[in-house]
Each structure stands twice: as structure tokens, then as C-alpha cells.
Amino acid sequence: MEYNFRDIEKKWQQAWIDNKVYQVPSLSDKPKYYVLDMFPYPSGSGLHVGHPLGYIASDIFARYKRLKGFNVLHPMGYDAFGLPAEQYAIEHGVHPAVSTEKNISTFRKQLDNIGFCYDWSREIRTSDPKYYKWTQWIFLQLFNSWYNRKTAKTEPIATLLAILEGEGNQNHPIPDSQFQIEGLTSLTFTAEQWNKWDEQTRQIILMEYRVAYCGYGEVNWCEALGTVLANDEVVNGVSERGGYPVVKKKLRQWYLRITEYADRLLEGLQRVDFSDAMKDMQGNWIGKSTGAEIRFSVQNSSEVIDVYTTRPDTIFGADFMVVAPEHEVVVKIITGEQRTEVEEYVAYVKSRSERERMMEKKISGAFTGAYAVHPFTGRPIPIWISEYVLAGYGTGAIMAVPSGDERDHKFAQYFNIPITNIFGDLYTGEEALMSKDVVLYNSDFLNGMHPERAINLVVDRLEQMGIGRAKVNFKMRDAAFSRQRYWGEPFPIMWKGGVAYPLDEKELPLELPFVESYKPGPEGEGPLANIPEWTERQLETNTMPGYAGSSWYFLRYMDPHNEEAFCDQRFSNYWGQVDLYVGGTEHAVGHLLYSRMWTKALYDLGHISFDEPYKRLLNQGKIGGDSRLVYRVKGGNTFVSAGLKDGYDTDELHADVNMVNGLELDIEAFKQWRPDYAGAEFILEDGKYICGTRLEKMGKRYFNVVNPDDVVERYGADTFRMYEMFLGPVEQDKPWDTKGIEGVHRFLKKLWRLFFGDAGLQVTGEKATPEELKVLHKTIRKIEEDTERFSFNTSVSAFMVCVNELTDLKCTKREVLEPLLIILSPYAPHVSEELWHQLGNTTTVLDAPFPKFEPAYLVESSKEYPISINGKMRTQIDIALDATQQQVEAIVLANPVVQRWTEGKPPKKIIFVKGKMVNVVV
RNA sequence: GCGGAUGUGGCGAAAUUGGUAGACGCAAUAGACUUAGGAUCUAUCGCCGCGAGGCAUGGGGGUUCGAGUCCCUCCAUCCGCACCA
């Protein structure tokens with residue numbers, strides 16, 4: 001009987017659906033385990049072989065945990081809102097809902113082909129009104145909340161109202177705001193003031209507190225996409241999607257006050273199991289730094305300049321100040337003779353794009369003509385402006401300490417500003433001394449001190465003088481939360497007299513209306529502004545960004561059809577955190593941070609009982625494409641084989657990997673590929689055309705996309721799954737290389753032959769030999785260990801070794817083969833299920849318990865082994881093969897030969913080197 | 001520049017805590033069975049050497065009875081951040 005994977009896979013995939021074997025109860029007496037994949041954006045090009053890598057890993061783990069007796073939640077869905085669908089709609093006139101639906105069905109077919117154990121009854125789509133009703137609902141929770149810094153919690157806005165009415169905001173000043181409130185000069189006000197203000201003013205002030213708020217701010221505006229982008233959607237000054245230029249622009253936008261959560265987002269990282277690289281990336285993005293804010297007065301002026309520094313101890317080395325060119329103080333302090341120069345410089349800075357500024361870091365700047373006063377020495381300090389000081393970070397102004405900061409040093413050298421040495425002999429004059437392992441000189445009351453002590457002392461002094469304080473700063477900005485786009489969640493917000501009011505919960509979902517055109521609305525507004533029914537009701541015309549729906553989706557899977565709540569708390573209490581979250585590193589600072597913040601807010605508001613969504617994160621590597629190259633002799637239609645190309649002047653072109661077998665080009669297929677190649681001529685080597693190769697991103701334009709459907713068609717889903725795992729560690733990036741797949745396929749055929757000889761099923765009920773049981777239990781242990789630590793590639797190897805050994809032993813005993821099928825089933829579910837039933841089982845192999853590992857089977861009768869003392873070979877002793885370390889030690893210690901050589905002293909260490917010898921260290 | 005990771009045969013890679021380096025697989029070579037191809041099976045397969053043996057985990061140094069693994073240093077590649085004061 002042949003291993004007919006096509007029939008087997010079709011048969012079991014259908015049986016699994018018919019018997020609903022993957023449906024998971026929302027509550028159970030069993031312990032829970034939640035395995036989640038980052039859900040895909042259903043793009044038009046479907047899956048390539050790189051996408052399922054993480055899905056296979058999580059599927060194996062989910063099945064493994066199920067065998068181990070857990071109630072496993074392993075759902076799948078689609079992140080269906082987003083820009084590409086809308087761009088496609090603009091270009092092809094197909095409504096995003098239609099193209100999304102079509103793409104999803106392609107994805108589903110491709111996923112089903114691979115035999116995943118998803119509970120599809122829990123499928124979600126972020127673009128489904130039944131789903132985004134709750135995205136809108138959660139948005140309203142955030143809108144109706146503020147962040148209380150005193151309790152470090154998200155609280156309902158009602159608690160703030162009570163405070164403002166009772167005591168004003170003395171204890172809860174308006175959060176450092178980038179926005180102007182008319183008529184308000186200070187960040188604090190009294191209860192009387194508050195109670196006198198009209199509704200509109202109060203609402204404007206409340207907006208300054210809301211966790212989801214609307215305001216005018218500098219945003220990343222992408223003209224080509226016609227929308228605003230979040231910081232993490234901008235890469236090197238261009239949009240992540242499409243690579244279009246992005247400029248800074250002031251616009252009315254919705255934001256999430258994620259900065260208030262910065263400390264908790266940082267702290268939470270210590271409680272989760274993410275890779276160091278991932279934690280570093282998030283930590284970096286949050287960018288916490290501790291230092292001080294210091295107020296400098298300006299000579300002959302009433303102006304003051306606040307600076308932020310992490311090194312207040314170096315204040316005696318402050319030789320000049322630098323203010324960001326956009327800083328509002330610049331126009332006020334500028335002196336007559338410097339006006340032209342400064343204005344020219346400001347104009348120059350404005351003319352430079354974000355991108356240019358990033359690419360070429362030129363030293364540039366201008367002197368304002370004004371001087372600040374040193375708070376301790378009274379020394380005048382020249383004030384410069386330069387683009388290396390960013391308006392958006394800290395206070396937008398710095399005290400420059402050239403001897404202690406590299407950029408300040410270069411600036412001082414470039415503009416010939418005298419440098420004060422505050423580090424004595426350690427400072428060479430050549431370059432700045434950034435180290436904190438120094439002693440201060442030339443620094444008045446700080447002389448002879450190390451920076452740590454000096455920092456405390458300076459801050460204390462400044463505080464006494466009322467011109468400074470310790471200050472924590474973050475790089476992270478509040479997250480832009482609105483898009484001037486159509487294909488996203490509408491905001492459940494209605495505008496009245498310039499004030500945003502939330503819709504009533506009963507009006508949710510606020511459904512996305514159908515539109516004919518996706519053109520932007522007037523004045524930078526989205527397409528919704530073109531719909532009269534929408535604007536008549538004064539509904540918000542922006543839509544939410546892609547990350548809205550994905551920020552909480554892991555909760556919806558727990559209770560996907562609930563129409564009364566986003567998730568029944570009985571279920572979220574049971575399932576709790578995602579135990580294993582699998583996905584790529586590209587979401588390090590976007591999705592992961594946002595969803596961590598939403599989780600904290602929902603936790604604070606009492607909707608869920610945990611404040612970190614993902615307990616453990618596994619980042620699968622990317623699979624790259626292995627492109628095939630052909631070489632066309634310049635000016636003709638002749639292609640020369642790779643080995644001979646050096647003799648010709650050639651152009652390098654991509655050939656489709658699907659018409660190359662190994663390295664040999666299928667010439668006929670190539671000729672038919674494109675009309676201009678039809679008459680092509682070929683210069684061959686050894687009668688073959690050999691292609692060149694290059695590793696590139698897998699993508700259409702390189703013609704190196706391999707579709708999993710093709711691989712599954714040819715080798716079967718089980719081979720595909722095992723091969724993807726066999727390729728190497730899941731975390732690692734690697735190229736797709738079809739060469740090795742035959743080996744995995746051969747393994748499955750060998751497995752099949754263990755069960756079926758020429759005459760049919762040959763499995764017997766005979767008792768297994770100790771040798772056979774040893775092979776089995778060795779494998780059980782190895783698979784258990786390797787699967788637990790996500791070492792799936794070595795698991796596959798262990799299965800190969802096992803089958804090879806059982807084949808050599810001609811083992812056809814049920815006692816061995818049946819447990820083998822159970823441990824194999826997470827990796828090769830179809831063939832395991834088929835053989836499981838062939839053995840007469842009637843339930844699914846998924847419900848079998850994972851076989852228990854018995855170490856006793858690994859211990860063999862005693863044999864003689866050579867022994868070495870301190871590396872020198874001495875003699876031989878009897879010892880049990882594969883015994884435990886304790887067993888080995890007991891035997892060795894009892895051995896008279898060993899006692900003689902160690903002169904009765906207990907050895908420091910006894911090492912049993914697998915099956916060959918014993919090493920004793922005295 | 002800063003941060004993170006990686007470096008082992010012709011190739012993908014193994015080697016829990018320092019303990020037979022190269023498991024497993026691909027490719028290759030020889031052979032068996034086949035009219036042939038495919039499939040399957042057997043053997044060889046890091047480098048040098050006829051051999052005994054010697055040399056090998058990016059380079060150099062160190063700790064140790066023993067180092068791919070630990071420490072120092074240099075080099076290369078990949079990823080992330082990038083004037084963050």
C-alpha cells in the first residue's frame with residue numbers, strides 16, 4: 001500500500017471539520033493554554049511559503065499542549081482594515097469590502113491546505129461591524145477616561161470631574177500639552193474658575209485629559225497616501241507602505257495618550273518572556289532618560305530658557321546654549337545685528353526635508369546674539385540655534401557642554417567656541433569625554449566629585465534656587481490615532497459647537513457607509529467628508545488606524561459572538577493572558593506597544609483581570625527568496641549560462657524560480673514565459689543552462705515567490721510542515737530552498753512502510769524488546785524537550801533517527817508504533833491520524849494522552865568502559881549505559897580501581913561521556 | 001555612532017549545564033535491484049596523509065584535566081535605532 005498523502009489529507013481535513021474536533025469550549029475544568037498567531041492582513045497576493053512558518057510552529061505547539069491535557073485556544077482571524085485595500089480600490093474601482101472578502105477566501109483555502117488546528121468557529125475580522133462595534137466601544141472607554149498620575153491608573157472621566165469641581169486641578173495639572181487652550185495661561189486652575197466656565201470651555205479642558213483625545217498637533221502627513229501616519233509607520237522619512245515622502249504638518253488629529261503609560265510599559269517588559277532584542281527595541285522606542293530641567297535667564301531680557309540635560313553635573317562646562325530653530329523664544333531674544341543671519345538659517349532649516357536632515361548630518365547653526373546667564377557663576381553663555389537640537393524632545397533647548405558631549409564638541413570646534421575643560425587630564429581636547437567614570441574639575445562646589453553624587457547635589461541646589469528640578473523624559477510621543485481614510489473604523493463621535501461628543505453605546509456599531517469614491521474630502525479630511533448624510537450629522541470624518549482593531553483582538557477570540565460585551569469576564573478570567581504569541585519582529589514598536597497599552601487601560605477600568613496581554617513571545621524568522629538569474633548578452637536575445645557569463649558583456653535578469661529545476665533552467669518554459677523570450681538563443685554548458693542565484697526578499701518583483709499550495713500539491717501538507725520546521729531554528733531568517741524537501745518526504749514514506757509491507761498492515765501485538773522500547777522512549781524524551789524549547793528542527797531530526805532505528809530493528813510492534821504516532825501528530829497530523837485509525841482506534845489522535853517517558857527503558861545491563869583520571873586513560877570498569885548521573889557516580893565511587901587511583905579521596909567530578917568512557921577529575 | 005544577534009563541512013544545520021565536534025537531512029561518489037527512468041537499499045563522504053597520525057568550530061590570546069560553549073581582543077555579516085541632550 002502506497003503512502004497516498006493526497007487522499008489521506010483530504011479525507012482527514014474533511015473528517016476534522018465534520019466532527020468539529022478543533023472546537024474549543026470557552027470554559028473547562030482542564031487547565032487552559034492560549035496559543036495565538038499574529039493575524040494576517042489579507043493582501044491580494046496570498047500566502048507565500050514564508051508566511052506559514054510561524055503558523056506551523058504555533059500549530060505544533062497547540063497540538064502538543066492539547067496532547068498534554070490542556071484546553072487549548074488556538075484561533076485565527078483577519079486584520080482586514082487598512083490602507084492597501086483602499087489603494088487597490090482607488091486603482092481598480094473594487095470596493096475594499098469586496099476585495100477583502102475575496103482575499104480572505106484565498107487565504108482560508110491556503111491555510112486549510114496545510115492542516116492547521118484552528119477553531120474557525122471563533123474567526124474574527126476587524127472590518128466586520130459585529131467586531132468593530134467593540135473597537136468603537138473600547139475607544140469610547142478611552143475617550144471617557146483620563147490618566148490619574150497620582151494613582152497611576154486609567155480612571156473614568158467622572159472621577160476627574162468630581163476633583164475639578166471640588167478642588168480645581170491643583171493636584172492634577174493639565175498633562176504637558178502641545179496644544180493651546182484659549183484664555184488659559186497656566187496649566188492649573190481653581191474650582192471657582194472651573195465652576196464658572198461654560199460647557200464648551202470645560203469640554204476643551206477635559207479633552208486635555210482624555211486618554212483618547214483630539215487636538216492640533218504636528219503630524220506625519222503623507223501627501224501621496226493623503227493621510228497622517230503614526231511614527232512607527234514612517235521609516236527613514238518615507239511611508240512604510242509605498243515609500244512615499246512624509247512631511248510634518250499641523251492638523252487636527254485624534255491621539256492616544258500612550259506617553260502616560262510609558263513607565264508601566266517599560267516595567268511590564270520585565271514580567272513578560274520576550275527576546276532581549278524585542279525588549280530592547282521597545283525600551284528604545286519608549287526612550288526613558290532621567291536628568292534635570294534647568295531654567296536659564298537671558299541677559300538683558302525677561303525671557304527664560306528651560307533646558308533638559310541628563311548630565312546636570314557638567315553645568316560648569318556649559319560653554320554655550322543651543323535652541324531648536326523652531327523654538328518660540330528665538331524671535332524674542334534675537335539681537336539686531338544677528339537677525340538676518342538667524343532668519344536665513346531658519347529658512348534653510350525649513351527648506352530641508354526630514355529625509356535630508358536624517359541622511360546628511362551637517363554641522364550647522366547660527367548665533368542669536370543673545371546670552372544666557374550661568375546660574376552659579378553668572379558667566380554669560382552665548383545662545384545659538386541649530387537643527388541638531390530637536391523641538392520635539394525635552395524642552396527643545398540644551399546647555400552645550402563640549403568637553404562632555406560629542407555633538408557639542410564638534411559644534412564648538414566648527415564654530416570656534418572656547419571649550420572649558422571640566423575633567424582635568426582625562427580630557428584630551430581632541431574629543432568629548434562621554435564616560436561617567438570621571439572626576440569633576442573646574443566645577444566650583446562639585447570639584448573632585450563623581451557624576452552620580454554631583455548630579456544629586458546640583459539638582460538639590462537648583463531646586464532650592466527655584467530654577468530646576470529632576471526630570472524624567474521619554475522619546476515616545478502620543479500616538480496619532482486618526483487617518484483621513486475610508487477603510488477603517490469610523491469614530492463614534494459627533495461634533496457640536498467645536499466639541500466632540502461620544503455617541504450613545506446603543507448607537508454602536510456606527511457602520512461605515514458605502515461610498516462610490518475614495519477621494520479625499522475637503523481640507524485634508526477623509527472620504528467620509530464627501531457623504532452628505534455623514535456631514536449633516538456632524539459625525540467625525542476621520543477613521544481609526546490599522547492598529548485599532550488589532551490592539552484588543554486577542555480578547556475577542558475568547559468570546560467571539562457576544563453581542564452584549566466585548567468579552568464576557570468569566571471567559572477572560574479563564575483564558576487570561578496569551579501564553580504563547582507567535583509573530584514577526586516587524587510589530588515590535590507598533591502593534592505590540594499599542595495592544596499592551598489598551599490592555600493596561602482595560603485592566604485599570606476593571607474590564608479584564610490582567611494588564612499584560614502576552615506572556616511569552618516567539619518571533620519567527622523571515623523566509624527569504626532564492627532568486628534565479630539569467631544572463632542576456634547585451635544588445636541581443638542570447639542568454640549565456642552562469643558558468644560562462646564572464647566571457648560576455650551581459651545584463652542580469654530574473655527568471656521565475658518556478659521554471660528552474662535546481663539551477664537548471666527549463667528553456668521551453670522560459671521561452672513561453674514572455675513574448676520577447678520566445679526566440680531566445682542559449683549558450684549552454686554541459687548541455688544545460690545554469691542559472692545564477694541571489695538571496696532576496698520573497699516578492700513578486702523578483703519572481704522568487706513559492707506558493708505553499710504548489711509544495712503541498714507535490715509533497716503533501718505533512719511534508720511541507722515538517723520541512724518548514726526542518727529548515728532551521730524558527731527564530732532565524734533563512735532562504736527558502738526546496739532542495740532538502742525530498743529528505744523529509746522520504747522520512748514519511750519510510751514511516752508508512754513501518755506500518756505497511758507489501759502484504760498490507762503488518763503491525764503486531766507482540767511484546768516489544770527492551771531495545772525497541774529504548775528507541776521509543778529516547779524519542780519521547782527528545783521530542784518533549786525539543787518541543788518545549790521550540791527546537792522544532794531537532795525534533796524532526798529525532799523522528800528521522802527513530803524511524804531509521806525502528807526500520808533497522810524491523811520493529812512492527814504496536815506497543816512502540818502507537819505512542820510514536822501520538823508524539824508525531826503535532827508535526828505530521830494527517831499521516832498520524834490515518835495510521836492511528838488503521839491501528840483500530842476510533843477517536844482522534846489529538847485526544848490521546850502524550851505518552852509518558854520512562855527513563856528505566858534507557859538503562860541497559862552493565863558493560864565495560866574505559867576510565868580516565870584527570871584525562872589519562874587508566875583501566876576499565878563496569879557501568880550502566882545511559883544511567884543517570886547519580887547512578888554513574890555511585891558505581892564509580894564503589895569501584896575499587898577508582899578508589900585506588902584517587903587514593904580514597906572523593907573525586908571532584910565524575911563525567912560519563914556518552915557510551916564511550918568515564919572521566920574522573922580528582 | 002549606539003543597541004541586539006550571528007559566524008561550525010560543498011550546502012541547511014546538530015551539540016540542555018564546559019565532556020566522542022559535525023547528529024539529522026541535502027548534494028556528491030561507488031555499488032545492488034531495474035530494459036530504462038523513477039522508487040528503494042548498501043557503502044563512502046571535514047581537511048592533510050598510503051599509513052600510524054596530525055590539523056580543524058571567523059582570527060589572535062587566556063582560564064581549565066578538558067573550550068564550538070566561559071573571559072579578553074580583533075575581524076566579517078545581518079537586524080533594529082539613529083543628532084533623544
Side-chain angles (χ1 to χ4, degrees), chain A residues 2 235-236 275-285 287-289 291-292 307-312 314 321-322 324 357-363 386-390 392-401 404-408 410-411 434 473-477 585-586 588-589 619 621-622 624 662 695 722-723 726-729 731-747 749-750 753 782 785-786 788-789 791 793-804 807 868-872 885 908-922:
Chain A
E2 279 275 296
V235 180
N236 289 330
S275 69
D276 286 345
M278 187 60 56
K279 288 183 182 181
D280 280 347
M281 268 189 245
Q282 288 200 20
N284 237 323
W285 183 262
K288 181 177 183 169
S289 71
V307 304
Y308 174 72
T309 175
T310 53
R311 292 294 298 276
T314 60
M321 284 180 71
V322 187
R357 204 179 55 76
M358 280 173 161
M359 300 299 277
E360 27 162 316
K361 287 179 212 165
K362 282 200 277 192
I363 299 174
S386 171
E387 61 177 339
Y388 86 87
V389 171
L390 308 174
Y393 182 75
T395 59
I398 62 159
M399 63 174 206
V401 182
D405 183 279
E406 203 182 298
R407 291 152 307 172
D408 299 346
K410 284 190 180 136
F411 193 85
M434 307 276 279
N473 235 316
F474 295 97
K475 272 199 271 189
M476 185 167 66
R477 305 275 76 128
T585 47
E586 65 271 21
V589 293
N619 295 117
K622 280 191 252 310
L695 299 180
M722 291 193 92
Y723 183 57
F726 188 64
L727 234 34
E731 298 96 325
Q732 215 170 77
D733 289 350
K734 45 193 162 265
W736 176 260
D737 172 10
T738 314
K739 272 191 307 199
I741 199 165
E742 296 281 354
V744 175
H745 194 57
R746 243 169 259 168
F747 155 76
K749 285 195 276 191
K750 263 189 205 171
R753 280 200 300 275
K782 181 90 175 120
E785 281 172 359
D786 287 353
E788 289 285 355
R789 65 188 172 105
S791 181
N793 54 332
T794 52
S795 282
V796 177
S797 295
F799 283 123
M800 290 175 172
V801 172
C802 179
V803 166
N804 285 346
T807 304
S868 84
I869 312 281
N870 280 356
K872 275 186 196 155
Q885 184 71 28
K908 261 192 241 153
K909 215 173 179 187
I910 300 162
I911 299 116
F912 180 47
V913 183
K914 289 169 229 167
K916 272 274 173 74
M917 66 176 217
V918 174
N919 214 333
V920 178
V921 183
V922 184

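Predicted model, so just to flag it, every value in this text is computed and none were measured. Hydrogens, waters and symmetry mates are skipped; everything else that's a heavy atom, side chains included, is used.
Listed nucleotides: B:rA15, B:rC24, B:rU40. Nearest to the side chain of A:R789: B:rA15. Listed nucleotides B:rA39, B:rA14, B:rA85 differ in distance to A:K749; the shortest reach to its side chain belongs to B:rA39. The side chain of A:S289 lies closest to B:rA85, out of B:rG80, B:rA15, B:rA85. Closest to the side chain of A:K475, from the set B:rC81, B:rC83, B:rA27, is B:rC81. Checking B:rA15, B:rA85, B:rC41 against the side-chain heavy atoms of A:L390 singles out B:rA85 as nearest.
The same atom, C1', is picked in B:rG53 and in B:rG49; the two are 8 Å apart, to the nearest Å. For the C1' atoms, the distance from B:rU34 to B:rU40 is 11 Å, rounded to whole Å.
No contact: A:K279 has no heavy atom under 4.0 Å from any strand. Counting non-hydrogen atoms under 4.0 angstrom, A:D408 reaches nothing in the nucleic acid. The residue A:V307 sits apart from the nucleic acid: no heavy atom pair falls under 4.0 Å.
A donor atom on one side chain and an acceptor atom on the other are not found under 3.5 Å apart for A:D737 and A:Y723.
Phosphate contact (OP1/OP2 of B:rA39, side-chain N/O of A:R753, threshold under 4.0 Å): absent. An OP1 or OP2 oxygen of B:rA85 is reached within less than 4.0 angstrom by no side-chain nitrogen or oxygen of A:Y308.
Although no hydrogens or angles enter the test, the distance criterion places no donor-acceptor pair under 3.5 Å between the side chain of A:N473 and the main chain of A:S289. Between the side chain of A:K734 and the backbone N or O of A:P729, at least one donor-acceptor pair lies under 3.5 Å.
For A:R753, the side chain to side chain contact (heavy atoms under 4.5 Å, CB included) test picks out A:K749, A:K750, with sequence neighbours left out. Contacts of A:S791 classified as side chain to side chain contact (heavy atoms under 4.5 Å, CB included), with partners at least two apart in sequence or in another chain: A:D786, A:R789, A:N793, A:T794. Annotation: ring pair (Phe, Tyr, Trp, His ring centres under 6.0 Å) contacts of A:Y393 (sequence neighbours excluded): none. The side chain to side chain contact (heavy atoms under 4.5 Å, CB included) test applied to A:T807 returns A:L754, A:V803, not counting sequence neighbours.
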request  = Fill in the dot-bracket string of RNA chain B, one character per base: . for unpaired, | for a pair to another strand, ( ) or [ ] for pairs within the strand, taking Watson-Crick or G-U pairs under 3.5 Å.
outcome  = (((((((..(((......[....))).(((((.......))))).(((....)))..(((((..]....))))))))))))....
inquiry  = Does the protein touch nucleotides 4-13 of chain B at the base, only the backbone, or not at all? Give it as B, S and - per nucleotide, heavy atoms under 4.0 Å.
reply    = S-------BS
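More than 12 heavy atoms of other shown residues, nucleotides or ligands fall within 6.0 angstrom of atom CD in A:E586.
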